[in-house]
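Report on one structure; see the data block that follows.
When a ligand or atom number is given, it counts from 1 through the structure's own listing order. What you see is a predicted model, and the numbers here were worked out from it, not measured in a lab. When a residue number appears, it is its place in the shown sequence, counting from 1.
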Amino acid sequence: MINVTKTFFPPIEDYQKHLERIWDNQWLTNNGELYKELSQKLQDYLGANHIIPMTNGTLPIQIALNAYANQGEVITTPFSYVATTASIVWEKCTPVFVDIHPEYLTIDETKIEAAITDKTTAILATHVYGNPCAVEEIEAIAKKHNLKVIYDAAHCFRVTYKGQSIFNYGDVSTCSFHATKLFHTGEGGALFCQDKQIYHEMFYRHNFGHDGPEKYHGLGLNAKMSELQAAMGLSVLPYMQEIISERRRVCKYYDQHLDFSLLSKLQLREGTDWNYSYYPVIFKTETELLNIKTNLENNNINPRRYFFPSLEELPYIQSSNCQIAKDIGERVMCLPLYVDLKDADLYRIVDIINSNLK
Ligand SMILES: *Cc1c(COP(=O)(O)O)cnc(C)c1O
C-alpha cells in the first residue's frame, strides 16, 4: 500500500540511546536536558530567532491568538488545515475569510484591507504547502492598521525566504512536528518569535503561567514538550539531509514525468528555498480528480484531497465568500511523497495519472 505520506522512523538504536539518557536522568518533562538540547539544535539548524518547542502544532496557534487576538475578528483563509480556523473559534474570536491567490494558494494580500474592521485584531495566515505568504506586504498592512501577524507555518520546517528562516517573519510563527510532517517528534510542534519579550510572554503561557514555582505571571495552560518527544526529535534531526534529498528526488520525478499540459502545479513564491513537504497537483475538474483518485485507489495508492473541503464549509462556520479557495479545494490533490518511495511505484503513479488526463 502506498499512502500520501509515510512517517520517517530513525534507527531504533538512535532512539534507545536517547531513552537511556532519560532513564539516567530520571527526568521526563519540565525543561529537561533533551528538551533543552533539542531547542538549541533546532534554533541553530533553522536559523530561527527564538523557539519554544511544544506538545503539538495547534496549541502554539491558540496561545498566540489568546495573547494577541483578544476575542476580536481574525483575518484568515479557508484554504488550510482545520486547526487554523478551529483555533480561532476555540479562542472565541471570529474568523473573517479572505480568498487565496490562485497560483501561490496563500492569502491574497490585495484583499486583506477590504476585510479589516474596527474589531479586527490579528491576521492568521498559512504558508500553504511550505509556500510563503506575501510576508512583506502583510507586514505593511498590519503596521498601518495596528494588527498582529501570526503565521501558521506548520508545513515550513527548514523553509527560507529571501535567505532567512520563514519562522523569522510575523510576530509569531508556529510549526507542527506531527508524525506526518517533514520533521517530527511523534506529536509535537513549536512557537517561533522575534524578540526576548514576546518569548517570555509566550513561554509562561505554555507553562500554566508560572514565573517560578510560587509565582504566576498571568494566565497559562500546559503545552510543554516532554523528554520522550524530544528524544524522537533528537533521533530524527540528524537524518534531515537524507529526508529532504529523498523528497527532492520524488518531486523531481513528478516534475519531469507528469503531463503539465493538462495539469497544474504549485507556483512557489520567488525567493523561496522550499522543503519538498507536499506535492499538490491541480486538475482541470473535480470529476477528473475523482476518476484518477479512484483509479489510484484501485491500485492500492492513496493520495489525499488536501485541503478539502474549504473551511468555510465547517459546521460552525456561516460564510461562503471565497470562490477561488473553494474551486481550488475541489480540484487539488496531494500525491505520495516520502523517503524510499520507489521509482517503479512512481512510474505506476505517473502512468495512471497521465493516461487518465483529458
Ligand atoms: C498539521 C497542521 C496543523 C496542526 O498541527 P498538529 O501538530 O497536528 O497539532 C496546523 N495547521 C496546519 C496547516 C497543519 O498542516
Side-chain angles (χ1 to χ4, degrees), residues 3-8 38 42 51-66 69 74-91 93 95 97-98 100 104-107 122-133 149-159 166-167 169-170 172-192 206 221-226 228-230 232-233 236 247 266 274-280 304-312 314 325 328-329 332-334 337-338:
N3 288 328
V4 67
T5 192
K6 193 169 98 180
T7 298
F8 176 81
L38 182 65
L42 286 174
I51 175 173
I52 309 172
M54 295 196 190
T55 198
N56 61 48
T58 303
L59 281 163
I61 303 175
Q62 288 175 224
I63 288 171
L65 287 169
N66 191 275
V74 176
I75 291 176
T76 190
T77 83
F79 193 70
S80 183
Y81 183 57
V82 64
T84 319
T85 293
S87 296
I88 295 172
V89 177
W90 194 267
E91 291 301 325
C93 302
F97 292 103
V98 166
I100 57 171
Y104 297 127
L105 310 183
T106 49
I107 194 167
I123 298 168
L124 170 57
T126 303
H127 300 307
V128 176
Y129 309 122
N131 198 23
C133 296
V149 180
I150 304 162
Y151 286 116
D152 181 341
H155 299 172
C156 294
F157 194 84
R158 207 226 54 154
V159 170
I166 192 66
F167 300 136
Y169 293 89
V172 163
S173 295
T174 67
C175 191
S176 169
F177 305 156
H178 183 260
T180 54
K181 301 296 206 287
L182 189 72
F183 164 81
H184 76 88
T185 57
E187 291 276 358
L191 182 147
F192 296 87
H206 107 296
L221 45 60
N222 178 9
K224 296 189 303 293
M225 175 181 277
S226 80
L228 293 167
Q229 290 170 292
M232 181 58 86
V236 173
R247 287 173 162 266
L266 179 66
W274 191 49
N275 62 357
Y276 309 94
S277 49
Y278 296 88
Y279 201 96
R304 179 153 179 224
R305 297 188 75 180
Y306 191 68
F307 308 104
F308 177 81
S310 161
L311 298 177
E312 286 188 300
L314 285 167
I328 301 274
V332 68
M333 188 161 77
C334 287
L337 171 55
Y338 50 83

Response to the item:
At under 4.0 Å between heavy atoms, what of E187 touches ligand 1? The answer is neither
Discussion item. For E187 and N56, which I'm curious about, is there any donor-acceptor pair between the side chains at under 3.5 Å?
Written reply: no
Worksheet entry | Contact partition for T58 relative to ligand 1, non-hydrogen atoms under 4.0 Å | both
Discussion item. Would S80 count as a contact residue for ligand 1, given that I'm defining contact as a non-hydrogen atom of the residue lying under 4.0 Å from a ligand atom?
Written reply: yes
Discussion item. As an exercise, identify every atom of ligand 1 less than 4.0 angstrom from a heavy atom of G188.
Written reply: 7 (O)
Worksheet entry | Full working for ring pair (Phe, Tyr, Trp, His ring centres under 6.0 Å) between F307 and Y129 | CA-CA 10 Å; F307 308 104; Y129 309 122; 5.5 Å; yes
Fill in: Closest to atom 15 (O) of ligand 1 among H184, H178, Q62, H155 (heavy-atom distance)
H155
Discussion item. Side chain, backbone, both or neither: which applies to Y306 and ligand 1 if a contact is any heavy-atom pair less than 4.0 Å apart?
Written reply: side chain
Worksheet item: Are S176 and H178 close enough that a side-chain donor and a side-chain acceptor fall under 3.5 Å?
Response: no
Worksheet item: Relative to the heavy atoms of K181, which atoms of ligand 1 are at a distance of less than 4.0 Å?
Response: 1 (C), 2 (C), 14 (C), 15 (O)
Worksheet item: For the side chain of H184 and the backbone of F8, is there at least one donor-acceptor N/O pair under 3.5 Å apart?
Response: yes
Worksheet item: Between H155 and Y278, what is the ring plane arrangement, given parallel below 30°, perpendicular above 60°, and tilted in between?
Response: tilted
Worksheet item: Which protein heavy atom lies closest to atom 12 (C) of ligand 1, and at what distance to 0.1 Å?
Response: A154 CB, 3.4 Å
Item to complete: Flag G57 as yes when one of its N or O atoms lies below 3.5 Å from any N or O atom of ligand 1, and as no otherwise.
Response: yes
Worksheet entry | Criterion side-chain contact (heavy atoms from CB on, under 4.5 Å) on Y169 and Y151, from CA distance to verdict | CA-CA 8 Å; Y169 293 89; Y151 286 116; 4.3 Å; yes
Worksheet item: Identify the closest protein heavy atom to atom 11 (N) of ligand 1: which residue and atom is it, and at what distance?
Response: D152 OD2, 2.7 Å
Discussion item. Looking at T76 and L124, would you say the former's side chain and the latter's main chain have a donor-acceptor pair under 3.5 Å?
Written reply: yes
